[in-house]
Amino acid sequence: MDAAEKRDRLAELAPERVKELDAEEEEDEHDLPDLPTAEEGEVRMRVAPNPNSPWHVGHARMAAVVGTYKDRYDGEFLCRFDDTDPETKRPDLDAYDAILDAIDYLGFEPDDVMLASDRVDIYYDHARELIDEGGAYTCSCPGEEFSELKNNADACPHRDKDPETVHEEFSAMVDGEYSAGEMVLRVKTDIEHKNPALRDWVAFRMVDTPHPREEAEDVRCWPMLDFQSGVDDHLTGITHIIRGIDLQDSAKRQQFVYDYFGWEYPEVVHWGHVQVDEYDVELSSSTISELVEAGELDGWDDPRAPTVASLRRRGIRGEAIVDAMVELGTSTSNVDLAMSSVYAANRDRIDDETDRAFLVRDDPAHGGGAVERSIVDGPDAGHPPVHPSHEDRGEREIPVDGGVLVESDDLPEEGDRVWLKGYGCVEHTGEAFEYTGDDIEVVKDGPVDVIHWVPDDALSTRLRTMDGDVSGYAEPGLAEYDADDLVQFERIGFARLDAFDTGTEDLLAYYAHP
RNA sequence: GCUCCAGUGGAGUAGCGGCCAAACUCACGGCCCUCUCACGGCCGAGCCCCCGGUUCGAAUCCGGGCUGGAGCACCA
């Protein structure tokens, strides 16, 4: 007996048991793994983006997964901007809102939003407390020198300074009396720790460049990620942290601080890096920024850019991204996100409600270019359905006056017929399409193909795709639609209508996916 | 060099000692449906890194290899 037979048999004997099985299957279907020691209502997580750029597709994974866990455990979700490096990872003032927009688009709402650059006094207070505990010391070793000592498991001469001196020097750091590189505050860990990455790491350093936020422009002494993030996670009651394998050592580093303070470290899940297929542009904030600045991309929402804003402009629903991200799970190995799974998830969500339309592309690489043929003896309009699965939504009306445009790859040989979808059968005479009427049987059992078409007074259209722009002609009825509406261009794919009458063309649309 | 982590079909995930010659999602091939190459239906191909060990029994545990990734920043 195979599974289906067993099931049928079970349905006869115990129908209620089948329902139970269905319910079980529903529950554990492609869910994220359980969070360790998580309790309903007691989970608090955070996303901690660096606002140095808007989000690329990879960034969306954090929000997607954290948001999904929040919903699953009825927990909370904090967005904390880790903007503590005004120089190498200089914040982009527009990125704060862009990131919050991206989270909203993905379908989540943070319970709390905070900026690390508003909290430096809190970090200073904890640094002082740590100094009191004997857990930190100011150090003026040049980086290279310290690195050498550290790699040999040797302490530097500053390690045993008395707390008063450390306090004085740290206050001088806070007051901005040093320049970059002159003084740091280190956490005293274990200089002989077998993992060199954990030995006496830097907690605060001097940065000469002012922070772009007015509120923080006078700060010169900035905490490093491991200190700032460690303190904030505890102070904000984070119970579970998800972060990349590049931060594998962070928890171990921060554990030293937690030990000094007697805090309990949150649960941590490490995951690998994501790559995304189908894009020519690397999934990297700096690369995308450079291309945008150089004008090679029109902006962060250029369809060729692997960014959240781009997917949004193409009409892909945030939930579809979340679906695909959740399917990637949280394994520690690096993963490749196939855009096709995002597309499949999106199609699931939009196919049923999206109106159909015709677009004849005028592009040698796609369809071979538009060609015009006059119609001889045909009806004065075509009437394809708005949606093939929903007759009740009615038919489109496409008036045919003089001629029609089709893609040349669809053009039949002279003497052969083709079925203009929603219009009827025509024979190609070389110069024209002669209407032959015919029964639909010639399509069902015969040699006649069904193709899309538009009348010769169609809307000039630019379709922006990941592979560049394609021009073409869309059926006139689309002029009645609104920007932001989605359509499926039959035999081409789904697209989002972006703008009308742009000055260069009647319609501007963004291609989503097949 | 030191340290840490991982290795299941084309991509991703699940399974974590017997129910597993392995399940699911996407992709792929074929067929059916169809006035779309969408949607839907059916069928198919394809996977436990290697070698030892423990065990009645290992994808699952242990050891060693190999391969890949990550950290050793006054970046996040």
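In what follows, every chain begins at residue 1, and chains take the letters A, B, ... in the order their sequences are listed. Note that these values count all heavy atoms, side chains included, but never hydrogens, waters or copies made by symmetry.
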Whole-Å distance between [N] [atom2] and [X] [atom1]?
X	N	atom1	atom2	result
A/Asn152	B/rG1	CG	P	16 Å
A/Asp246	B/rC72	CG	P	9 Å
A/Asp445	B/rU34	CG	C1'	13 Å
A/Asp336	B/rA27	CG	C1'	13 Å
A/His273	B/rG71	NE2	C1'	10 Å

Determine the contact category for [X]: base if any of its heavy atoms lies under 4.0 Å from a base atom, sugar-phosphate if only primed atoms, P, OP1 or OP2 are that close, otherwise nothing.
X	answer
A/Leu328	sugar-phosphate
A/Arg253	sugar-phosphate
A/Arg347	sugar-phosphate
A/Ser147	sugar-phosphate
A/Pro388	base
A/Ser331	sugar-phosphate
A/Cys141	base
A/Leu247	base
A/Ser229	nothing
A/Asn50	sugar-phosphate
A/Pro142	base
A/Phe204	nothing
A/Met224	sugar-phosphate
A/Ile245	sugar-phosphate

Give a yes/no on whether any side-chain N or O of [X] is located under 4.0 angstrom from OP1 or OP2 of [N].
X	N	result
A/Ser333	B/rC5	no
A/Lys194	B/rC4	yes
A/Arg205	B/rA76	yes
A/Thr88	B/rA76	no
A/Lys150	B/rA73	yes

Given the [atom1] atoms of [N] and [M], what is the spacing between them in whole Å?
N	M	atom1	value
B/rA59	B/rG17	P	13 Å
B/rC5	B/rG10	C1'	25 Å
B/rC48	B/rA22	C1'	8 Å

- Between A/Phe146 and A/Arg186, is there a cation-pi geometry (under 6.0 Å to ring centre, at most 45° from the normal)? yes

- Checking A/Arg61 against A/Trp55: charged group under 6.0 Å from the ring centre and within 45 degrees of the axis? no

- Message: If a pair means Watson-Crick or G-U wobble with both distances below 3.5 Å, what does RNA chain B look like in dot-bracket form, with | marking bases paired to a different strand?
- Response: ((((((((.[[[[.)..(....]]]].(((((.......)))))....[[[[[..)....]]]]])))))))....

- Comparing nearest nucleotides in RNA chain B, the 5'-proximal residue of the pair A/Asp249, A/Thr330 is A/Thr330

- Message: Closest-nucleotide mapping onto RNA chain B: is A/His383 or A/Ala197 further toward the 5' terminus? I mean the 5' end.
- Response: A/His383

- Got a salt bridge between A/Asp226 and A/Lys252, using NZ or NE/NH1/NH2 to carboxylate O under 4.0 Å? no

- Message: Does this structure show an ion pair linking A/Arg119 with A/Asp232, if we count only N-O contacts that are shorter than 4.0 Å?
- Response: yes

Let's see if you can work this out: which of [options] has an atom nearest to the side-chain heavy atoms of [X]?
X	options	value
A/Arg491	B/rA27, B/rC37, B/rC75	B/rC37
A/Trp419	B/rG40, B/rG71, B/rC35	B/rC35
A/Ala344	B/rU36, B/rA27, B/rU3	B/rA27
A/Val335	B/rU13, B/rA38, B/rC74	B/rU13
A/Asn151	B/rC72, B/rU36, B/rA70	B/rC72

- Query: So do the side chains of A/Leu93 and A/Arg213 get within less than 4.5 Å of each other, counting heavy atoms only?
  - Reply: yes

- Message: Is it true that, when you exclude A/Glu144 itself, more than 12 heavy atoms of the residues, nucleotides or ligands shown sit nearer than 6.0 Å to its CD?
- Response: no

- Message: How about CG on A/Asp380, more than 12 heavy atoms from neighbouring residues, nucleotides or ligands closer than 6.0 Å, or not?
- Response: no

- Query: Is the backbone of A/Tyr511 close enough, under 3.5 Å, to the side chain of A/Arg314 for a donor and an acceptor to pair up by distance?
  - Reply: yes

- Within the distance-only criterion (no hydrogens, no angle test), does the side chain of A/Gln488 pair as donor or acceptor with the backbone N or O of A/Gly493 below 3.5 angstrom? no

- Task: To the nearest 0.5 angstrom, please state how far the CD1 atom of A/Ile451 sits from the CD atom of A/Glu407.
- Result: 8.5 Å

- Item | Pair of N/O donor and acceptor under 3.5 Å linking B/rC75 base with A/Lys89 side chain | yes

